[in-house]
Number of protein chains: 2
Amino acid sequence: MPNPVSRPNAAIPAALRPLAREVRVAKGEWVFRKGEAVHSVFFVLDGEVRLSRFSKGGGEIALHRAGRGEFFAEAALGAARYHCNAIASRDSALLAFPAGKVRALLGTDATFAREWIALLARQLQRARARLERLALKFAAERVVHYLQTEGAGDRHEVHLQGTVKDLARELGLTHEALYRTLARLKRERVVGHEGASLFLLP
Amino acid sequence: MPNPVSRPNAAIPAALRPLAREVRVAKGEWVFRKGEAVHSVFFVLDGEVRLSRFSKGGGEIALHRAGRGEFFAEAALGAARYHCNAIASRDSALLAFPAGKVRALLGTDATFAREWIALLARQLQRARARLERLALKFAAERVVHYLQTEGAGDRHEVHLQGTVKDLARELGLTHEALYRTLARLKRERVVGHEGASLFLLP
DNA sequence: CGTCGCATTGATATCGCTCAAATCCGGTGG
DNA sequence: CCACCGGATTTGAGCGATATCAATGCGACG
């Protein structure tokens with residue numbers, strides 16, 4: 001089981017925190033299954049959860065991979081039953097928020113409702129930026145787009161959270177391709193890096 | 001200018017409709033620019049609007065393309081200024097909803113707030129499914145994933161809205177690659193098509 | 001010290017992109 | 001009515017960037 005040191009839960013609205021129940025799931029364990037009554041909305045403290053459906057042929061259709069610091073099954077709030085399966089792809093630590101209480105809070109706490117709307121809107125923007133990134137053909141373009149959309153400050157600096165392999169997955173590349181691309185971009189003075197920080201050079 | 005026949009506005013919450021003002025923009029016209037004060041949230045009746053930023057190098061970075069039946073700049077509700085540019089990529093008919101009034105409605109009308117949250121959540125789900133789709137390597141996998149996530153009914157049927165070229169863009173492929181892939185999938189009895197309808201074969 | 005996973009680089013295979021060309025179709029104007 | 005045009009559709013040939021397979025070094029951790 002992972003032991004989350006720096007908890008990435010700053011994104012959780014204050015009103016929601018008292019409702020949290022910590023859940024730990026081992027790799028391969030189910031968090032919920034398609035058709036189950038919706039009982040909770042989740043937040044990933046550490047690890048990764050895969051949301052998917054199974055096609056008639058038996059193949060798994062991935063809908064989403066929720067990593068550290070991400071909510072998942074937020075859309076389930078509006079539904080009676082989960083419409084997909086959630087399986088931990090690694091040992092993971094989650095926060096579970098009872099769906100009924102969250103729904104009630106949305107009706108009574110206007111501040112929380114606003115926060116929740118803002119949270120969804122931000123996630124939507126990020127998801128769309130990622131979409132356009134994955135539509136780019138070249139690995140170098142994706143790296144630069146990533147820095148330009150996610151980077152902070154004038155240099156578009158990004159502090160790498162996990163490993164380079166994680167970044168590769170985020171960019172839709174193999175880790176080998178990303179290593180090569182980063183090496184080339186550094187050689188060509190397009191990007192620089194200091195420790196776990198990556199940024200654009202002017 | 002397009003003349004929308006079947007208006008795809010079923011997705012618009014009832015409380016929002018009285019606020020709508022119809023706007024028509026010609027291809028290449030701006031809907032709003034980055035840095036402008038947020039005045040409206042939009043819905044595409046017909047046509048297409050491209051959301052983008054300009055990088056320091058002068059290149060245009062596309063963030064999102066909103067087509068028929070989609071809202072755009074929903075996330076701007078939480079912000080004071082637009083954080084990207086919106087340009088019509090074709091002659092388009094839009095609905096504009098004044099941001100102030102929508103914000104007010106979110107505070108006073110709990111039903112509308114719930115609808116708006118559901119709307120954002122649905123868009124988020126779709127965006128995430130698309131993300132997983134674009135991460136797939138093979139064109140055939142993307143087509144099948146598209147049908148399985150967006151298709152309706154037992155056959156996972158999809159009525160193609162625009163041209164096959166448009167679908168290719170949605171799937172992150174060139175139109176040539178998609179034509180070839182569709183031809184092969186039809187030959188191999190994986191998918192079938194009737195007119196503008198595409199579906200999975202058992 | 002052995003194991004495991006990340007980081008890094010090399011060699012080869014491959015799918016989709018690019019360029020190209022032919023056909024089809026709807027609209028437009030003479 | 002027909003010639004013309006632009007865009008979508010369809011198929012072909014070759015190239016190239018990334019995936020894949022492979023090997024090595026490295027650091028953490030029991």
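None of these values were measured; they are calculated from a predicted model. Every chain is numbered from 1 and lettered A, B, ... according to where its sequence line falls, protein lines coming before strand lines.
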Fill in the blank from the handout: Of C:dG16, D:dT18, C:dT18, the nucleotide closest to the side chain of B:Ala177 is C:dG16

Practice task
Assess whether one donor atom and one acceptor atom, taken from the side chain of A:Arg184 and the base of D:dT18, lie less than 3.5 Å apart.
Solution key: no

Problem - Side-chain touch A:Leu200/A:Gln148, heavy atoms, less than 4.5 angstrom - result: yes

Handout entry: Nearest listed nucleotide, side chain of A:Glu176, among C:dT9, C:dT18, C:dA7
Key = C:dT9

Problem - B:Trp116 side chain reached by B:Val41 side chain, heavy atoms, under 4.5 Å - result: yes

Practice task
Give the rounded distance in Å between these two atoms: CG of A:Leu178 and P of C:dT8.
Solution key: 10 Å

Handout entry: Approximate separation, where rounding is to 0.5 Å, of B:Ile87 CD1 and B:Glu29 CD
Key = 11.0 Å

Fill in the blank from the handout: When rounded to the nearest 0.5 Å, the distance separating CZ of B:Phe71 from CG of B:Leu16 is 5.5 Å

Fill in the blank from the handout: Picking from D:dA13, D:dT18, C:dT9, the nucleotide nearest the side-chain atoms of B:Arg180 would be D:dA13

Exercise for the section: Examine C:dC17: is either OP1 or OP2 under 4.0 Å from a nitrogen or oxygen in the side chain of B:Thr174? Give yes or no. Expected result: yes

Handout entry: Whole-Å gap separating C1' (C:dT8) and CG (A:Leu167)
Key = 16 Å

Problem - Whole-Å distance separating the CZ atom of B:Arg187 from the C1' atom of D:dT10 - result: 12 Å

Exercise for the section: Can you tell me the distance, in whole Å, between the CD atom of A:Glu141 and the P atom of D:dA17? Expected result: 12 Å

Practice task
For D:dA8, take OP1 and OP2 only and decide whether either is under 4.0 Å from a side-chain N or O of B:Lys165.
Solution key: yes

Problem - Atom pair distance, as rounded to whole Å: NZ in A:Lys137 and C1' in D:dA17 - result: 7 Å

Exercise for the section: Using only heavy-atom distances, decide whether a donor-acceptor pair under 3.5 angstrom links the side-chain of B:Arg142 to the base of C:dG16. Expected result: no

Handout entry: Rounded distance in Å - CG (B:Leu136) to P (C:dT14)
Key = 20 Å

Practice task
Side chain of B:His175 only, please: which of D:dT9, D:dT18, C:dC6 is the nearest?
Solution key: D:dT9

Practice task
Return the value, rounded to whole Å, for the distance between atom CG of B:Leu182 and atom P of D:dA8.
Solution key: 16 Å

Problem - Nearest to side-chain heavy atoms of A:Tyr179, which nucleotide of D:dA8, D:dT11, C:dT9 - result: C:dT9

Completion exercise
Separation of D:dT18 atom P from B:Leu173 atom CG, nearest Å, is 16 Å

Problem - Partner of A:Ser89 under side-chain hydrogen bond (donor to acceptor under 3.5 Å, both in side chains), chosen from A:Glu48, A:Lys27, A:Arg50 - result: A:Glu48

Exercise for the section: Determine the contact category for B:Gly172: base if any of its heavy atoms lies under 4.0 Å from a base atom, sugar-phosphate if only primed atoms, P, OP1 or OP2 are that close, otherwise nothing. Expected result: sugar-phosphate

